[in-house]
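The chains referred to below are lettered A, B, ... by the order of the sequence lines, with proteins before strands, and numbering in each begins at 1. Because the structure is predicted, anything quoted here is derived from the model rather than measured.
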Number of protein chains: 2
Amino acid sequence: MPKVGMEPMRRKALVDAALRVIGDHGSLSVTMSEIARKAGVSPALAHHYFGSKEQLLIETIRSLLKQLRDDAVTALKAAPTPRARLSAVISVSFHADQFAPQTIAAWLAFYAEAQRSEETRRFLVIYARRLRSNLLANLKPLCPVDVAEHIAEGVAAMIDGLYIRQSLGSTPIGAEASIALTEDYVTIQLDRHPASLSEAGAAPSSGLSGHLLPEGRRESEPKHRKDI
Amino acid sequence: MPKVGMEPMRRKALVDAALRVIGDHGSLSVTMSEIARKAGVSPALAHHYFGSKEQLLIETIRSLLKQLRDDAVTALKAAPTPRARLSAVISVSFHADQFAPQTIAAWLAFYAEAQRSEETRRFLVIYARRLRSNLLANLKPLCPVDVAEHIAEGVAAMIDGLYIRQSLGSTPIGAEASIALTEDYVTIQLDRHPASLSEAGAAPSSGLSGHLLPEGRRESEPKHRKDI
DNA sequence: TAATTTTGATTGACTGATCAATCAACAAAA
DNA sequence: TTTTGTTGATTGATCAGTCAATCAAAATTA
């Protein structure tokens, strides 16, 4: 029953299947056959559309990152104040899809892969920068710049750490407790270092930082890179 | 030049080689041949002594954990007060050997492996519990118990998170900055919640918590498990 | 001491399984 | 008939694990 216009559907099915298989297996050492089977097609077709296993894996992490970005954009648009946006960033990190064991396992597998694959590392660096940028943009109106950077590092580390601890499945502090822990960190840090007058009114109108919007390239980066 | 009594030397050489190869490669997908070559023996010998690749890998993570424990014991013995012991725990986590890129890469690889290997997960859970236990034991004299648990979770998450962020190699905050960030978290949390009178004098005499000393089994755990 | 047997250490060569990747061929739509 | 989708069969490479054989030290015996 082959029709024309199958390509986008097949690609999506294969990427989704790859994500599920990787999440279940907890590793990138999964076979094209298994992915293809889960997607309901033959292994040969996976190669036909993606050319190589590596390419399919790249598309898979790209999709993982896109999902996270979309969630973040939605949550940030609904938050009116910098402080609310900070909470939105934290909340999104621990919400449902992202904090599911399989998704966490997939993230972890990609972190490991980043040690070998330049392309994979690039994507994870983008995630790290985006998180930092989102935090920083909304911290700056609330405290001095150097303090904002300090807090941003701390929050980002805590989020990633809670992820990795969750991956072990022992002492499972849930999503709510994770959010509470991170929020508490932000709160007490901000209490310590109240905003200076000069930066109190400098909040950007949209609250969406540069890294979130479809972005023009920053000067220091190489060009000819496909955006996620 | 075969002599008698080679076994312990060969085992150590192979485990060390495995750690180096895994660290360089950033993955457990390394061949027995490569490990054996780095150890200066034939692949067959590695199988002869360890029986299987999995077993060699298990011994490898065991050695990684032992190294960390030894460092912690040394540092804790030299620290006189609970607060100093907290600093020691933090400091050890980021010190030299442990924070080297290859070592971090190896840890990460084992975290990923833990998704599949029950045995590997067990070791990482032990690490997590030990860290938590060390923190908790030295926090309890300094603040209320429930707060101590809260802080311990936060510190542990932050340490692990700083590790994983370090593994990406982007925005490399160094060991010192990582220590400062974590110390700062402990300090402001303790400032917030001063010790209640009832627990002020309850510090254990040695400061070495149960998880650190060669330990009797806790009741809730399965028996017949070799200790690390 | 000299001759031997035993034992542990070590390897090269081989096997069987797995898997990514390829290709020739076919089916259905355009 | 050309284009797009699809697969079964196959290939070539990689690897964990096995095995029989070798070698040298130690133990035993003569």
By nearest-nucleotide position on DNA chain C, the 5'-leaning member of A:G51 and A:S29 is A:S29

task: Considering only NZ, NE, NH1 and NH2 on the basic side and carboxylate oxygens on the acidic side, decide whether B:E7 and B:R10 come within less than 4.0 Å.
output: no

Under-4.0 Å salt bridge between B:K66 and B:D70: yes

Identify all pairs in which a protein N or O lies below 3.5 Å from an N or O of nucleotides 7-11 of chain D, and state each distance.
from, atom 1, to, atom 2, distance (Å)
D:dT7, OP2, A:S42, N, 3.0
D:dT7, OP2, A:S42, OG, 3.3

Between the CE atom in A:M32 and the OG atom in A:S52, the distance rounded to the nearest 0.5 Å is 7.0 Å

Take atom [atom1] of [X] and atom [atom2] of [N], then tell me their distance rounded to the nearest Å.
| X | N | atom1 | atom2 | answer |
| --- | --- | --- | --- | --- |
| A:L56 | C:dA21 | CG | P | 10 Å |
| A:E34 | C:dA20 | CD | C1' | 15 Å |
| A:L28 | C:dC19 | CG | P | 15 Å |
| B:R37 | D:dT14 | CZ | C1' | 13 Å |
| A:E54 | C:dA21 | CD | P | 9 Å |
| A:K53 | D:dT14 | NZ | C1' | 13 Å |
| B:M6 | D:dA24 | CE | P | 15 Å |
| A:F50 | D:dT6 | CZ | C1' | 15 Å |

Worksheet item: Checking all strands, does B:Y49 fall into the base, sugar-phosphate, or nothing category for heavy-atom contacts under 4.0 angstrom?
Response: sugar-phosphate

- Message: Please confirm whether the ring centroid of B:Y163 lies under 6.0 Å from the ring centroid of B:F99.
- Response: yes

Considering only heavy side-chain atoms of A:H47, the closest of D:dG17, C:dT22, D:dC15 is C:dT22

A quick test of your reading: do over 12 heavy atoms of other residues, nucleotides or ligands sit less than 6.0 Å from NE2 of B:H95? no

Quiz prompt | Over 12 foreign heavy atoms within 6.0 Å of CD, B:E54 | solution = no

Axial cation check for A:F123 ring with A:R62, 6.0 Å and 45° limits
no

